[in-house]
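To start, the structure itself, in structure tokens.
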Amino acid sequence: MNEHDSEVISGMLAQRGYMELPESTETDGAHADPDIIIINTCSIRDNADQRFFGTLGQLKKLKAKNPDFAVCVCGCMMQQEHITDRIRRSYPWVDVIFGTHNIHEFPDMLEELYENRAKTERAKAAQPAPGAHQDYARAKHEIRSSRETRVDRIYEDTEEIVEGLPAKRLYTHKSFVNIMFGCNNFCAYCIVPYTRGREKSRCPEDILTEVKALSADGVREVTLLGQNVNSYRGVDRAGQQWDFTDLIYALNGVEGLERIRFMTSHPKDLSDKLIEAFARCDKLCNYIHLPVQAGSSRVLERMNRKYTREQYLQLVKKLREAVPDIAISTDIIVGFPGETEEDFRQTLELAEEVRYDSAFTFLYSPRPGTPAAEYEDQIPEEVKHERFNRLVEMMNRISAEKNAAYVGRVCTVLVDGPDKKSRGMLSGRTDEFKLVDFEGPEEITGKLVEVEITGSNTFSLKGRLL
Ligand code: 5AD
Ligand code: SF4
């Protein structure tokens with residue numbers, strides 16, 4: 001979601017004539033240092049918070065070097081008052097602060113910053129401080145690091161969805177598409193409902209129009225985004241309500257589109273209708289990300305996940321009955337407050353039983369403002385780490401085994417382009433979202449090709465272009 005927000009921010013700025021600089025400008029004499037830096041933030045875990053403040057600290061130097069420099073900060077972290085208070089108090093070189101509900105206003109806020117600066121400069125030039133000599137550069141520098149020109153606006157959540165924002169795409173052949181915003185689930189550990197607000201679904205016709213336009217523009221694969229796509233409830237112009245599966249069936253008919261993916265699904269809302277759609281919609285990929293979070297019903301209840309271990313396993317069974325070779329990935333939190341060794345053992349057992357294709361494993365980190373942060377039975381860090389290592393080791397073993405079973409198969413791969421790590425190699429994804437590296441000409445980027453799988457390791461497959 002954050003990544004896509006960054007694409008929207010880039011798209012809006014490009015439309016106004018701003019240009020993105022490559023990450024490192026040192027070797028590229030044609031480019032100056034940037035005049036604007038935008039930091040988009042995530043607040044889901046504590047280490048992101050820490051990295052953000054570390055980065056902000058370093059930007060002070062750039063600001064001192066280039067008085068025209070603008071530091072802009074946005075994203076989930078800005079929707080938390082303790083964060084914005086800290087920025088306002090301790091980081092006076094921040095120029096623009098905006099939140100997740102007013103991304104669309106950012107280009108105007110940036111213009112406003114430049115106007116504020118021009119106004120303040122004019123005022124200072126007209127009225128030099130008594131006794132101060134007219135060192136213009138110094139005066140300019142003082143202005144630029146002061147709080148008086150800052151543009152700082154964060155909105156409360158509203159019902160409104162702003163449509164029609166441009167987005168810069170990282171790839172020409174695949175794209176993210178938001179179908180809904182916010183979350184109503186309030187899992188006990190999670191900050192998202194507080195930073196992204198309540199669930200609201202985009203109008204299905206707006207989504208269809210966007211996907212058709214993307215497809216006409218060469219996009220072969222869309223990933224539908226929402227915190228809980230299964231609770232999508234869009235209302236069309238005729239007043240009819242569509243659920244997520246209705247949307248999938250409609251998108252399955254979009255000409256030129258080859259693949260539909262989505263994330264994320266909450267197990268409590270995964271319907272039989274959607275499971276059936278996996279079997280019936282040829283464009284819906286054989287892959288689902290289905291976060292389990294924990295394998296013990298007791299922990300799931302304390303997490304407020306609203307399903308039991310048995311219900312989750314039942315869902316997996318139904319999915320595999322409908323689509324035997326479906327790939328399943330998950331999210332697991334280790335060390336949730338009160339997690340006993342027995343609870344954790346149940347997580348290991350569940351993972352072994354499901355045999356996930358891949359898993360994102362997280363150390364529980366208390367997020368201020370969430371119920372679980374107040375629970376008294378927090379788990380000591382060393383216990384969390386020890387359990388985490390055991391889980392990762394097991395998940396990696398299962399991933400490697402599942403990947404090894406692909407050797408000898410022929411897979412359709414959507415080519416993403418040259419492999420960043422090894423020269424002359426391309427990489428792409430199978431229908432099951434497996435990463436495949438193979439040799440081939442760069443010109444087939446964005447195309448669907450047949451690849452024979454010749455080797456495998458924990459996180460990827462090796463192949464031969466047919
Ligand atoms: N601590 C650790 N992991 C978390 N996640 C969300 N909140 C926390 C937290 N406080 C994980 C969940 C979620 C994923 C995106 O991040 O597993 O599915
Ligand atoms: Fe967070 Fe739960 Fe909502 Fe996912 S469903 S965003 S984990 S509150």
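Note that ligands are numbered from 1 as they come in the structure, with each ligand's atoms numbered from 1 the same way.
- Every atom of ligand 1 with a heavy atom of Arg367 under 4.0 Å away is listed here by number and element: 10 (N).
- Heavy-atom contacts of Gln293 reach the following atoms of ligand 1: 12 (C), 13 (C), 17 (O), 18 (O) (cutoff under 4.0 Å).
- In terms of protein heavy atoms, atom 7 (S) of ligand 2 is closest to Tyr189 OH, 3.4 Å.
- At a heavy-atom distance under 4.0 Å, no atom of Pro291 approaches ligand 2.
- Ring to ring, His101 and Phe181 are not that close: their centroids are 6.0 angstrom or more apart.
- Of the heavy atoms in Ile44, both backbone and side-chain atoms come closer than 4.0 Å to ligand 1.
- The aromatic rings of Phe362 and Phe360 sit parallel, their planes meeting at an angle under 30°, below the 60° perpendicular limit.
- Counting protein heavy atoms only, atom 6 (S) of ligand 2 is closest to Gln227 CG, 3.4 Å.
- Aromatic rings from Tyr155 and Phe98 are positioned such that their centres are separated by 6.0 Å or more.
- Annotation: cation-pi pair Arg429/Phe433 present, NZ/CZ under 6.0 Å from the ring centroid and within 45° of its normal.
- Of all protein heavy atoms, the one closest to atom 3 (Fe) of ligand 2 is Cys183 SG, 2.2 Å.
- When the heavy atoms of Pro267, Cys187, Ala188 are ranked by distance to atom 8 (S) of ligand 2, first place goes to Cys187.
- Residue contacts with ligand 2, taken as heavy atom pairs separated by less than 4.0 Å, do not involve Arg196 at all.
- The aromatic rings of Tyr312 and Tyr356 sit tilted, their planes meeting at an angle between 30° and 60°.
- Considering backbone and side-chain N/O of Tyr364, none are found under 3.5 Å from N/O of ligand 1.
- Geometric assessment of Arg86 against the ring of Phe53 yields a positive cation-pi assignment under the 6.0 Å and 45° thresholds.
- Remark: of the listed residues Phe176, Tyr232, Phe244, Phe244 is the sole one forming a ring-ring contact (aromatic ring centres under 6.0 Å, His included) with Phe262.
- The protein non-hydrogen atom at the shortest distance from atom 16 (O) of ligand 1 is Arg45 NH1, 3.2 Å.
- Of the polar atoms of Asp331, at least one N or O is found under 3.5 Å from an N or O of ligand 1, judged by distance alone.
- Using a cutoff of 4.0 Å between basic side-chain nitrogens and carboxylate oxygens, Glu381 and Lys384 are scored as salt-bridged.
- Contacts of Phe186 with ligand 2, taken as heavy-atom pairs under 4.0 Å, involve the backbone alone.
- Looking from atom 4 (C) of ligand 1 to the surrounding protein, the closest heavy atom is Ile333 CD1, 3.7 Å.
- Residue, atom and distance of the protein heavy atom nearest to atom 2 (C) of ligand 1 are Leu363 O, 3.3 Å.
- Ion pairing of Glu205 with Lys212 is absent here, as no side-chain N (NZ or NE/NH1/NH2) approaches a carboxylate O to less than 4.0 Å.
- Of the protein's non-hydrogen atoms, the one nearest atom 3 (N) of ligand 1 is Phe362 CB, 3.5 Å.
- Ion pair Arg202/Glu163 flagged as a salt bridge, since at least one NZ, NE, NH1 or NH2 atom sits closer than 4.0 Å to an Asp/Glu carboxylate oxygen.
- Here the heavy atom of the protein found nearest to atom 10 (N) of ligand 1 is Ser365 O, 2.8 Å.
- Under a cutoff of 6.0 Å and an axis angle of 45°, Arg409 and Tyr406 form a cation-pi pair.
- Scanning all protein heavy atoms for the shortest distance to atom 1 (Fe) of ligand 2 gives Cys190 SG, 2.3 Å.
- With a heavy-atom cut-off of 4.0 Å, Thr370 does not touch ligand 1 at all.
- Atom 5 (S) of ligand 2 has as its closest protein heavy atom Asn185 ND2, 3.4 Å.
- For Thr264, the heavy-atom gap to ligand 1 stays at 4.0 angstrom or more.
- With a 6.0 Å cutoff to the six-membered ring centre and a 45° limit on the axis angle, Arg302 counts as a cation-pi contact of Tyr375.
- When only non-hydrogen protein atoms are considered, atom 7 (N) of ligand 1 lies nearest to Tyr189 CD1, 3.3 Å.
- Taking the charged nitrogens against the carboxylate oxygens, Asp269 and Lys306 have no contact shorter than 4.0 Å, which rules out a salt bridge.
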